[in-house]
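Chain naming here is simple, since letters A, B, ... match the order of the sequence lines and numbering starts at 1 in each.
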Protein chains: 2
Amino acid sequence: MKFRRSDCPLVLALDLFGDRWTLLVIRDLFRGKQRFDEFLSSPECIATNILADRLKHLVEHALVKRLPDKEDKRRFFYQLTSRGQSTRQFLLPLIRWGLAQSALRRAPERNG
Amino acid sequence: MKFRRSDCPLVLALDLFGDRWTLLVIRDLFRGKQRFDEFLSSPECIATNILADRLKHLVEHALVKRLPDKEDKRRFFYQLTSRGQSTRQFLLPLIRWGLAQSALRRAPERNG
DNA sequence: CGGGATCCGTCTTGATACTG
DNA sequence: CAGTATCAAGACGGATCCCG
């Protein structure tokens with residue numbers, strides 16, 4: 001993900017979320033996960049370098065903030081900013097769509 | 001985009017749309033574009049091999065149908081299936097989010 | 001000419017090992 | 001624990017080629 005190719009708002013969104021991992025990290029943040037280790041423990045098994053890259057990217061774009069742990073200097077907390085939380089408005093419809101698709105897959109009368 | 005890593009509905013959606021091009025093709029289809037050449041003419045300038053790959057992928061997943069042109073044997077029409085049209089439910093919120101972001105970028109009082 | 005397929009150099013992804 | 005380094009594999013992107 002580098003510079004941008006048009007000023008379409010969809011292109012802007014795909015700049016930030018058009019990959020297979022970023023939205024999974026945001027999902028985890030909505031679920032209350034806050035630490036590097038917690039993201040790694042999700043069933044999708046994101047690689048550490050990919051996770052580090054995506055977190056950095058999200059922080060750079062003010063979707064996530066990175067807070068030091070006062071009690072353990074080695075650790076950090078990641079939290080959604082209000083901008084990050086605003087992604088809920090399309091994340092929920094997207095999840096709803098995925099749910100409907102897996103339901104269809106189990107009862108495939110007529111689709112297409 | 002290969003096999004899948006969990007049965008999270010979000011993962012299922014990212015399987016299909018978790019890249020920088022697929023949703024742009026779907027956007028064009030919603031806008032009434034139907035032919036290979038028309039997709040190429042969009043301002044994002046997708047490469048022909050990428051476009052061919054994405055269209056094939058969309059057809060395989062029953063989001064798009066590929067219809068021959070009766071009058072010109074060389075040409076095809078691509079159209080959204082009803083399943084493809086159902087993506088509207090998250091595509092519109094995603095575009096709306098992108099619009100809000102570009103508005104913020106022009107009037108960045110307090111975000112973050 | 002329209003709709004791709006193929007080739008090839010480059011950039012990105014991802015698994016694993018390693019470090020502070 | 002929270003990353004970085006390394007390196008192979010794959011995706012991207014442009015150019016060219018092919019086929020009806």
Side-chain angles (χ1 to χ4, degrees), chain A residues 1-6 8 10-11 14-26 28-29 32-61 64-79, chain B residues 1-6 8 10-11 14-26 28-29 32-61 64-79:
Chain A
M1 288 177 285
K2 27 195 175 182
F3 64 94
R4 242 326 97 160
R5 308 152 283 178
S6 87
C8 175
L10 180 58
V11 170
L14 291 175
D15 243 359
L16 295 169
F17 310 118
D19 79 302
R20 302 193 305 141
W21 295 108
T22 302
L23 287 179
L24 292 177
V25 175
I26 290 180
D28 283 353
L29 285 160
K33 295 192 176 185
Q34 298 193 90
R35 293 184 295 100
F36 198 90
D37 202 48
E38 294 181 296
F39 303 123
L40 289 181
S41 74
S42 286
E44 293 84 13
C45 300
I46 187 170
T48 59
N49 56 344
I50 303 292
L51 177 57
D53 179 82
R54 295 304 185 274
L55 284 171
K56 183 190 296 182
H57 204 242
L58 286 169
V59 169
E60 283 170 2
H61 288 272
V64 167
K65 52 193 164 190
R66 181 180 191 259
L67 305 169
D69 185 339
K70 310 285 185 187
E71 296 166 4
D72 185 343
K73 290 302 192 182
R74 299 174 306 182
R75 309 181 77 181
F76 298 91
F77 292 110
Y78 294 92
Q79 292 174 0
Chain B
M1 287 178 285
K2 26 196 175 184
F3 63 95
R4 244 322 99 159
R5 310 152 282 178
S6 85
C8 176
L10 180 57
V11 170
L14 291 175
D15 243 358
L16 295 169
F17 309 116
D19 78 302
R20 302 193 303 143
W21 295 109
T22 302
L23 286 180
L24 292 178
V25 175
I26 290 179
D28 284 352
L29 286 160
K33 295 191 176 186
Q34 298 192 91
R35 293 184 295 102
F36 198 88
D37 202 47
E38 293 181 297
F39 304 125
L40 289 182
S41 73
S42 286
E44 293 84 11
C45 299
I46 188 170
T48 60
N49 54 345
I50 307 287
L51 176 57
D53 179 81
R54 294 304 183 274
L55 284 171
K56 184 190 296 183
H57 204 244
L58 286 169
V59 168
E60 283 170 3
H61 288 272
V64 167
K65 52 192 166 189
R66 181 182 191 258
L67 305 169
D69 184 340
K70 310 286 187 187
E71 296 167 4
D72 185 345
K73 289 303 193 182
R74 301 173 303 182
R75 309 183 75 179
F76 299 89
F77 291 110
Y78 295 92
Q79 293 176 357

Within this structure, what is the [atom1]-to-[atom2] distance between [X] and [N], rounded to whole angstrom?
X: A:L51; N: D:dA2; atom1: CG; atom2: P; result: 10 Å
X: A:D53; N: C:dA15; atom1: CG; atom2: P; result: 14 Å
X: B:L14; N: C:dT13; atom1: CG; atom2: P; result: 14 Å
X: A:F39; N: D:dC1; atom1: CZ; atom2: C1'; result: 13 Å
X: B:D19; N: C:dG14; atom1: CG; atom2: P; result: 12 Å
X: B:D69; N: C:dC1; atom1: CG; atom2: C1'; result: 14 Å
X: A:I50; N: C:dA15; atom1: CD1; atom2: C1'; result: 9 Å

- Can you measure from SG (A:C8) to CG (B:D28) and round to the nearest 0.5 angstrom? 8.5 Å

- Got a donor-acceptor contact below 3.5 angstrom from the B:K33 side chain to the B:E38 backbone? yes

- Look at the side chain of B:A47 and decide which nucleotide, out of D:dG13, D:dC12, C:dG14, has an atom nearest to it. D:dG13

Does [X] have a side-chain nitrogen or oxygen under 4.0 Å from the phosphate oxygens OP1 or OP2 of [N]?
X: B:R20; N: D:dA11; result: no
X: B:R54; N: D:dC12; result: yes
X: B:W21; N: D:dG13; result: yes

- Residue pair A:E44 / A:W21: nearest heavy atoms and the distance that separates them: O-CH2, 3.6 Å

- Query: So which heavy atom on A:L10 is nearest to which on B:L24, and how close?
  - Reply: CD2-CD2, 3.9 Å

- Should B:D19 and B:R54 count as an ion pair when the cut-off is N to O under 4.0 Å? yes

- Mapping A:I46 and B:D37 to their closest nucleotides on DNA chain C, which lands nearer the 5' end? B:D37

- Quick one: list whatever passes side-chain contact (heavy atoms from CB on, under 4.5 Å) with B:N49, sequence neighbours left out. B:A47

- Task: Go through the structure and list residues passing side-chain contact (heavy atoms from CB on, under 4.5 Å) with B:T48, not counting sequence neighbours.
- Result: B:F36, B:L40

- Query: Which nucleotides of nucleotides 3-9 of chain D have their base under 4.0 Å from a protein heavy atom (B), which only their sugar-phosphate (S), and which neither (-), written as one string 5' to 3'?
  - Reply: BBBB---

